Protein chains: 2
Amino acid sequence: MARRTADGSPTMATVAAEAGVSRATVSRAFSQPHRLRPETVERIREIAGRLGYAVNPAAKALSTGRSGTLALMVPDVANPFFPPMIKAVERRADQAGYAVFLGHTDESPAREDLLLNRFAQQVDGFVIASSRLTEAAIRAHAERSPAVLVNRDVAGIPRVLIDTTRGVTQAVEHLAALGHRRIAYLPGPSRSWSNSERRRTVKRAGVRAGLSVTMLPGRRSSYESGRQAVPAILATGVTAVIAFDDLLAHGVLTGLAERGVVVPLDFSVVGCDDVLAAQTHPSLTTVSSRAAEAGAAAVELLANRLGDGGTAADDRLLLDTSLVVRASTAAAPVC
Amino acid sequence: MARRTADGSPTMATVAAEAGVSRATVSRAFSQPHRLRPETVERIREIAGRLGYAVNPAAKALSTGRSGTLALMVPDVANPFFPPMIKAVERRADQAGYAVFLGHTDESPAREDLLLNRFAQQVDGFVIASSRLTEAAIRAHAERSPAVLVNRDVAGIPRVLIDTTRGVTQAVEHLAALGHRRIAYLPGPSRSWSNSERRRTVKRAGVRAGLSVTMLPGRRSSYESGRQAVPAILATGVTAVIAFDDLLAHGVLTGLAERGVVVPLDFSVVGCDDVLAAQTHPSLTTVSSRAAEAGAAAVELLANRLGDGGTAADDRLLLDTSLVVRASTAAAPVC
DNA sequence: GTGAAAGCGCTAACAC
DNA sequence: GTGTTAGCGCTTTCAC
């Protein structure tokens, strides 16, 4: 009579007894089958299957010190930029044998910090997307648990960056070519690395193209924020705006329409991330994004690092982008 | 010299030694502080904090048989209906002391089944949202692990249902009042309970209002699906359509515009779930949804069930809805 | 109120 | 190739 666990489910001992082998052999049949005679493995697996046996993850984790889990931290699940990334991370992690915890930080550095601490005990590693933490805080966490960053550039910590330099530069040049002389940038979350990058790129490319570039005050990334930013945008006297992302751009489109400003005849709008496809009216000129790829790559990096016992390589993967021209941009109005 | 774990982090023994008590006492200081002298608790906690001690979740799980984790299963993270629910589940679970795994089934019953099996070992319970599984399959899983369903009505399994009967009925009556005599329903995923409900409601309310109701072929819930459904919709000769959800309705809006059909003058469109707010053009008349509340309630039910050792009550929570009239519906065209 | 000791189910040397 | 034997770090009777 082999012992079973309290809730009745079989344990290794149950299988071992049934198969007439030791528990170690059963263990090996699952974790290192190559070290066993093939027929033994097969027999044990057959019995295990018949008995409905499954490895107890907690026991395995306690024994090995590895949980087989990852945590993915994102600022806002509801922002359409993230779901494709979440999907990709989950899928890739699954393939690598990891289950993933989702940590929703709600754009709050404090909550991000809290969750990072809480999860540190129960996961093998982190994928931290669009962190709102300071570099020092990120460093501190990365020192304690393996982590890879997405869209955050901290030297020494593996990271995958969606590099919008090219796409945004193309956007500025596109507007310049259309005859716009005065443009504005509508920023997103102030602690966002992507935002700093885009802001800098717009500035630099604008200067190079001989444009006057106005920097508007920062905003939370949302449709409503974009809509509310419209008066400020119009007050600057520009003829085109590049928004931090599509959500903001979409709101701007609506706000403009509400004031009778016709896009793209009277005004041009450019978004970023291409998360709305052609779903806006008019369809949005934007910069392509690669959120899903970024997520998959991040897991890849993390899995390698966890597997090989940590390569010391300073991984820094860049994903390039480009402008997608649709219907929200056109020649500057003649006035 | 109290032992520390391999990676250097302190263990209960470390704290116990430092405090001059037994490991059992340290354990109690965290899990049942009321059974200890207050000053003891405080001293132990102080030392633990100073040493950077944290309970090892795997050891605790192995010992207690409970992992302190939940899994949330959703068909599609990228569908805007789910993120608010995910957020709410995560938040509520966090408050109840649970971390949540996210399971993305990709609308595939097979994958849902697979993930349910895989997670069964490592979580204390499931929140299964909009399951695409058969009733039998759901029953089988619920028998092995505590589960609560969202938007799936299986007797005997705790469930929270967003009841769109009222909202959809109001939508039909709204259209009837506007003079529409022939309407259509554009269905969503065939295995969706919500879809069956809405379909049934449209049919019933339509008959009662003396309308002719056409049932179109089912579709995956997406913007593109909606757009592609337009020819079929127009072919039916109806003057209004009620779509399974806002995503489909949004696509229909675009498809209609592409064919020069003006909404709401020539045609009326109603969505469901209110996930796009007023972000469409024209803004969408829709049925309110309560995804976040549903998610929170589901966790609540699950946590109670896990806590009290399982109330046998056949929980069935209904969340009511109502019509939100915006600009995509108007009087039927006179022809 | 606190301690001693026996596990929880699995893995990983180390033998044979 | 397979078995023996210690633990992994925590909880939990049962004593005192």
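Convention: sequence-line order gives letters A, B, ...; per-chain numbering from 1. Just so it is clear, the model here is predicted, and its values are computed rather than measured.
Between B/R111 and A/E90, at least one side-chain nitrogen of the basic residue sits less than 4.0 Å from a carboxylate oxygen of the acidic one, meeting the salt-bridge criterion. Using a 4.0 Å cut-off between charged side-chain N and carboxylate O, A/D315 and A/R305 make no salt bridge. The pair A/R220-A/D76 meets the salt-bridge criterion, since a charged nitrogen lies less than 4.0 angstrom from a carboxylate oxygen.
With 3.5 Å as the limit, one finds a donor-acceptor pair spanning the side chains of A/N117 and A/R144. For the residue pair B/T25/B/S22, the side-chain donor-acceptor check at 3.5 Å is satisfied. The closest side-chain donor-acceptor pair between B/S131 and B/E112 falls under 3.5 angstrom.
Atoms CZ (B/R43) and C1' (C/dG1) sit 12 Å apart, rounded to a whole Å. Distance CG (A/N56) to P (C/dG7): 18 Å, rounded to an integer number of Å. For B/M12 and D/dG9, the CE to C1' distance is 8 Å, given to the nearest whole Å.
Counting only heavy atoms from C-beta on, A/T25 has its side chain closest to D/dG3 among D/dG3, D/dG9, C/dC10.
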Practice problem: Please step through side-chain contact (heavy atoms from CB on, under 4.5 Å) for the pair A/L115 and B/D94, ending with a clear verdict. | Solution: CA-CA 10 Å; A/L115 288 179; B/D94 191 70; 4.1 Å; yes
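Note that CG of B/L62 and OG of B/S67 are 12.0 Å apart. Values are rounded to the nearest 0.5 Å.
Less than 4.0 Å separates DNA chain D from at least one heavy atom of each of the following residues of residues 33-42 of chain A: A/R35, A/L36, A/R37, A/T40.
Within 4.0 Å (heavy atoms only), B/F30 reaches no atom of the nucleic acid at all. At the heavy-atom level, A/V26 lies nowhere under 4.0 Å from the strands shown.
Phosphate contact (OP1/OP2 of D/dG9, side-chain N/O of B/K60, threshold under 4.0 Å): absent.
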Check: protein-nucleotides 12-14 of chain C nitrogen or oxygen pairs below 3.5 Å:
unit_1, atom_1, unit_2, atom_2, d
C/dA13, N6, A/R28, NH2, 3.0

